[in-house]
Amino acid sequence: MADTLEARCRTACEIVREAGALALAAFRDRDSLSVQTKGTQDWVTNVDLEVEALIRERLRRVYPRDVIVGEETAHDPSSGNTAWVIDPVDGTTCFMLGLPQWCVVLTYTVDAEPVVSAIFAPVMDELYHATKDGGAFLNETPIRVADATTIGAGLISVGANEHGEPHKSGTFIGNLVADGGMYIRVGACALGLCYVAAGRLLAAYEPKVSPWDDLAGMLLVREAGGKTNAFAPTLASANKRPVLAGAPGIWNAVSPLY
């Protein structure tokens with residue numbers, strides 16, 4: 001099983017690098033983007049669709065029988081919860097506005113539990129990857145969560161969207177600052193979780209996200225020695241829920257805010 005996961009992780013890393021190169025070329029030529037809206041502050045571009053199509057094609061070459069779930073097409077697993085899960089561009093709004101906080105996300109799940117993750121941030125040329133019980137890495141270097149013991153020792157990423165009762169994020173920020181902490185808005189759920197795994201952020205909170213947003217990053221955080229709330233029980237796209245991940249030393253301080 002370990003060899004299988006390692007092989008899948010190598011494949012996932014190769015695919016997200018190729019997909020990231022495609023997205024990065026479009027990022028540098030944003031005037032040519034075709035943009036549609038899926039909802040409030042929720043966009044899809046031709047690049048999202050092209051990147052997802054590329055990832056699907058590459059996966060089918062290597063794993064032709066595997067189920068594939070993607071944010072832009074085929075949102076739900078066709079059978080069970082063992083599948084590849086794609087977010088072609090996490091942080092599309094940042095992408096459209098020329099901000100660097102976006103990434104390409106690919107996860108492999110078994111019974112809805114992530115066991116392989118690969119997240120590539122092309123602008124920074126940072127590739128994060130992990131396998132279950134195999135550790136977490138940034139550009140092949142092992143990473144660990146922060147060893148902080150107080151929420152005042154760093155920053156916590158806080159997200160918001162209209163799906164997650166927007167006042168909750170405001171309440172979270174108010175409570176956090178009142179307790180001596182400080183926040184940052186990363187703009188891409190998966191990237192915020194990567195930063196927790198790498199020890200750059202103490203924690204990351206999102207009020208309501210889909211499986212393609214959080215599963216890859218949650219595996220990274222856990223493999224880097226951090227804590228998270230439970231994985232979603234299903235890959236169904238309707239299963240939006242909050243996510244919280246953080247370093248063990250500040251978990252008791254931040255978990256009541258969740």
Next item on the list: Verify side-chain hydrogen bond (donor to acceptor under 3.5 Å, both in side chains) between N81 and T109, making sure each step is shown before the conclusion.
Entry: CA-CA 7 Å; N81 288 294; T109 64; over 6 Å; no

Next item on the list: Could you check V16 against L127 for side chain to side chain contact (heavy atoms under 4.5 Å, CB included), going step by step and ending with a plain yes or no?
Entry: CA-CA 9 Å; V16 296; L127 175 61; 3.6 Å; yes

Next item on the list: With salt bridge (charged side-chain N to carboxylate O under 4.0 Å, His left out) as the test, would you mind laying out the steps for K208 and D213 before giving the verdict?
Entry: CA-CA 10 Å; K208 189 165 280 192; D213 295 310; over 6 Å; no

Next item on the list: Start with the C-alpha gap between I119 and L220, add the side-chain angles, then the distance that decides, and say whether side chain to side chain contact (heavy atoms under 4.5 Å, CB included) holds.
Entry: CA-CA 9 Å; I119 301 173; L220 270 167; 3.7 Å; yes

Next item on the list: Test side chain to side chain contact (heavy atoms under 4.5 Å, CB included) on T149 and I250 and set out the steps.
Entry: CA-CA 5 Å; T149 57; I250 57 93; 5.6 Å; no

Item checked: Stepwise side chain to side chain contact (heavy atoms under 4.5 Å, CB included) check, L24 with V123 -> CA-CA 7 Å; L24 183 60; V123 178; 4.0 Å; yes

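Interatomic distance, E50 CD to I55 CD1, rounded to the nearest 0.5 Å: 12.0 Å. Remark: I184 CD1 to I173 CD1 distance equals 11.5 Å, nearest 0.5 Å. Put simply, CG on N139 and CE on M124 are 11.0 Å apart, with the number rounded to the nearest 0.5 Å. Distance check: C194 SG to I143 CD1 gives 7.0 Å after rounding to the nearest 0.5 Å. In this structure, D66 CG and T82 OG1 are separated by 9.0 Å, a value rounded to the nearest 0.5 Å. Atoms OH and CG, on Y205 and L176 in that order, are 11.5 Å from each other to the nearest 0.5 Å.
Counting non-hydrogen atoms of neighbouring residues, nucleotides and ligands closer than 6.0 angstrom, the CG atom of D179 exceeds 12 such neighbours.
No donor-acceptor distance shorter than 3.5 angstrom exists from the side chain of T107 to the backbone of P114, with no hydrogens or angles considered. Not one N or O on the side chain of N175 forms a donor-acceptor pair closer than 3.5 Å with the backbone of F172. Side-chain N or O atoms of S210 include none that pairs as donor or acceptor with a backbone N or O of W212 at under 3.5 Å. Between the side chain of D87 and the backbone N or O of V105, no donor-acceptor pair lies under 3.5 Å. Without hydrogens or angle criteria, D48 side chain to P88 main chain gives no donor-acceptor distance under 3.5 Å. In this structure, S117 contributes its side chain and L219 its backbone to no donor-acceptor pair below 3.5 Å. Side-chain atoms of E223 come within 3.5 Å of backbone N or O of G135 as a donor-acceptor pair.
In this structure, the side chains of P207 and P242 stay at 4.5 Å or more apart for every pair of heavy atoms. The side-chain heavy atoms of E6 and R10, taken from C-beta on, include a pair separated by under 4.5 Å. D214 places a side-chain heavy atom less than 4.5 Å from the side chain of L193. For the pair V243/N229, a side-chain contact is recorded, criterion being any heavy-atom separation below 4.5 Å from C-beta on. In this structure the side chain of P122 reaches within 4.5 angstrom of the side chain of W102, judged on heavy atoms. By the 4.5 Å heavy-atom criterion applied to side chains, V196 and L202 are not counted as neighbours. Residues Y183 and S157 form no side-chain contact, since every pair of their non-hydrogen atoms from C-beta on lies 4.5 Å or further apart. Residues M182 and I151 fail the side-chain proximity criterion, which asks for heavy atoms closer than 4.5 Å.
In summary, the side chains of R222 and T228 do present a donor paired with an acceptor at a separation below 3.5 Å, with no hydrogens or angles considered.
Taking the charged nitrogens against the carboxylate oxygens, E52 and R56 do have a contact shorter than 4.0 Å, which makes a salt bridge. Ion pair K132/E113 flagged as a salt bridge, since at least one NZ, NE, NH1 or NH2 atom sits closer than 4.0 Å to an Asp/Glu carboxylate oxygen. The pair E126-R17 does not count as a salt bridge, with every side-chain nitrogen at least 4.0 angstrom from each carboxylate oxygen.
Aromatic ring pairs are classed by plane angle as parallel below 30°, tilted from 30° to 60° and perpendicular above 60°; the pair H129 and F137 is parallel. Using the six-membered ring where Trp is involved, W84 and Y108 have ring planes that are tilted, between 30° and 60° apart.
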